[in-house]
Amino acid sequence: MQTKRRSILLLCLVSILTIGQVRADESGPSTQAVRLYQTGKYQQALPLFKQAVKEKPQDANSLFYYGLTLHRLGQVAAARQVYNKVIGYFPGSPAARQAMGIILQPGQTRATSGQSTAVRATTGLATSSASSTGAASYLSSLPSESRVYFKKEGNALMVDAEVNNRRIAMVFDTGAEVCAFGKNHLRELGIQVPQGRPTGYAMGVGDGGKIPTWEMNVDLKLGSIYRKNLPISVQDNLPGEPLLGQTFFNDFHYTIDNGANSIHFVTKQSPRAPVVASRGYSPSASTADRYSVPFTKVGNEMVVVADVNGKPIRMIFDTGASATVFTHESIRQLGISIPEDAEQEHHVGIAGDTAGVGFAVSRMRLGPIDKSSFRISVIQGLTGYPLLGQTFYGDWQYSIDNAAGMIRFVRR
């Protein structure tokens, strides 16, 4: 049976990491573990990192990646303990700064080397102020609520933002840990691009592997939300539009209304912030609870547990993904065989182009959303968690409650 090819744009930023985090001997277990980690084989990487930490207790990078691997495997409490060790044993190191960026929520403070440092960050991008007063001032500068409108381009949610007072369309992307631009976007805006050696790298959809990135600060505005000196990630060329990621809106609860094409932001301390739900979804839960789905944060990524053909699987809740996308490894874990007549596809992400196939699974569920004969994509250029994209929940209204770690769905 002849198959067709179709092109899908997937703008998920899976992770941003700082160059220099990993400096291990080429023959050492840490290097092998890093390679496994970078290909999403976290369970295999874990014992190797544990061995590396035992053999080289002075290596901050091995300890940090041990914590990251625990985090990726959902062992959040254990990962937090490791991050605290990195911060305590190696103060001031790049690994310690990375650990602080993960472990602290926006506005929290931690005493380090006699100073109080307020961190608002994601993995690889951190900014600090001199004291907790600066963090309080920053939070008080946010509007209590703001409503913005989006346009659908395919399945992408496009919003009108301003970068250094210059207007630009951006993708509202819950799967992006940071706000991501290409130098191509900055040149179009007439903004000077960062120079010198790259300061980090990005990993996302595409066959390009690790993409060198630079960090710079800009003033970014969406509606009445104005973030001054916000760190952004810049790569040489980013296909499509730039990504409005978690570092911009993770201080808000927000409701995405696909009927009204609007996003309603409410600050966490506002009286209009959502009420904390007591439980997540289960078939025997109350009606209200059945519409609430818990998520955990891995870095700044929102990870939910979906059900595919009766088997649970962790996925990134990614509004920037136009399709629902799996890795070959995750498909094997689910015991699904790719049919011979699967449709050939072409996908574009932050790491370039990649090939894939599309076909339907018998059933897929997340909380109240239950779809039969649901089409998924399986692609080469993706590592880590699969992506739960707009094709699955784009016909629902939903609120993101960051304080409670809940997604609350409303059927329109």
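What you see is a predicted model; the values in this text were computed from it and never measured. Below, all heavy atoms of this structure are taken into account, side chains as well, without hydrogens, waters or symmetry copies.
In this structure a side-chain-to-backbone donor-acceptor pair under 3.5 Å is present from H71 to K297. A donor-acceptor contact shorter than 3.5 Å links the side chain of Q246 to the backbone of T174. Between the S233 side chain and the A180 main chain, no donor and acceptor come within less than 3.5 Å of each other. Of the possible donor and acceptor atoms, none in the side chain of S62 sits under 3.5 Å from a partner among the backbone N and O of A52. At distances below 3.5 Å, not a single donor-acceptor pair connects side-chain atoms of R227 with backbone N or O atoms of L220. Under the 3.5 Å distance criterion, the side-chain polar atoms of D219 are left unmatched by any main-chain donor or acceptor of K228. H253 contributes a side-chain N or O that, together with a main-chain N or O of N402, makes up a donor-acceptor pair within less than 3.5 Å. At least one donor-acceptor pair under 3.5 Å links the side chain of R166 to the backbone N or O of N164. Of the possible polar contacts, one joining the N258 side chain to the G394 backbone as a donor-acceptor pair under 3.5 Å is found. A side-chain donor-acceptor contact under 3.5 Å links N184 to the backbone of L238.
Cation-pi geometry between K371 and F392 is met: the NZ or CZ atom falls under 6.0 Å from the ring centre, inside 45° of the normal.
Heavy atoms of other residues, nucleotides or ligands lying less than 6.0 angstrom from CD of E153 number 12 at most. By the neighbour-count criterion of 12 heavy atoms within 6.0 Å, atom NZ of K152 is densely surrounded, having more than that number from other residues, nucleotides or ligands.
Taking the six-membered ring for Trp and the full ring otherwise, Y393 and Y398 have centroids separated by under 6.0 Å. For Y65 and F49, the gap between ring centers is short of 6.0 Å.
Using a 4.0 Å cut-off between charged nitrogen and carboxylate oxygen, D236 and K183 count as a salt-bridge pair. Using a cut-off of 4.0 Å between Lys/Arg side-chain N and Asp/Glu carboxylate O, R147 and D257 are scored as not salt-bridged. Between R408 and D401, at least one side-chain N (NZ, or NE/NH1/NH2) sits under 4.0 Å from a carboxylate O, which counts as a salt bridge. A salt bridge links E343 with R375: the closest approach of a Lys/Arg side-chain nitrogen to an acidic carboxylate oxygen falls below 4.0 angstrom.
In plain terms, the two heavy atoms of N217 and E215 that are nearest each other are OD1-OE2, 4.3 Å. Annotation for A161 and M170: closest pair CB-SD, 3.7 Å, computed over non-hydrogen atoms. The two residues M364 and V361 have their closest heavy-atom pair at CB-CG2, 4.5 Å. Taking both residues in full, the closest heavy atoms of P143 and I225 are given as CG-CG1, 3.9 Å, listed atom of the first, atom of the second, then distance. The two residues L244 and V159 have their closest heavy-atom pair at CD2-CG2, 4.2 Å. Scanning both residues, S292 and M406, for their nearest heavy atoms gives CB-SD, 4.1 Å.
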Compile the donor-acceptor pairs under 3.5 Å between side chains in residues 306-317 and protein atoms, sequence neighbours left out, one pair per line.
from	atom 1	to	atom 2	distance (Å)
D307	OD1	G310	N	3.0
N309	OD1	S362	N	3.1
N309	OD1	R363	N	3.0
K311	NZ	L334	O	3.4

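Between the side chains of T267 and S144, no donor-acceptor pair is found at a separation under 3.5 Å.
Ring orientation note: the planes of F265 and Y254 are tilted relative to one another, at an angle of 30° to 60°.
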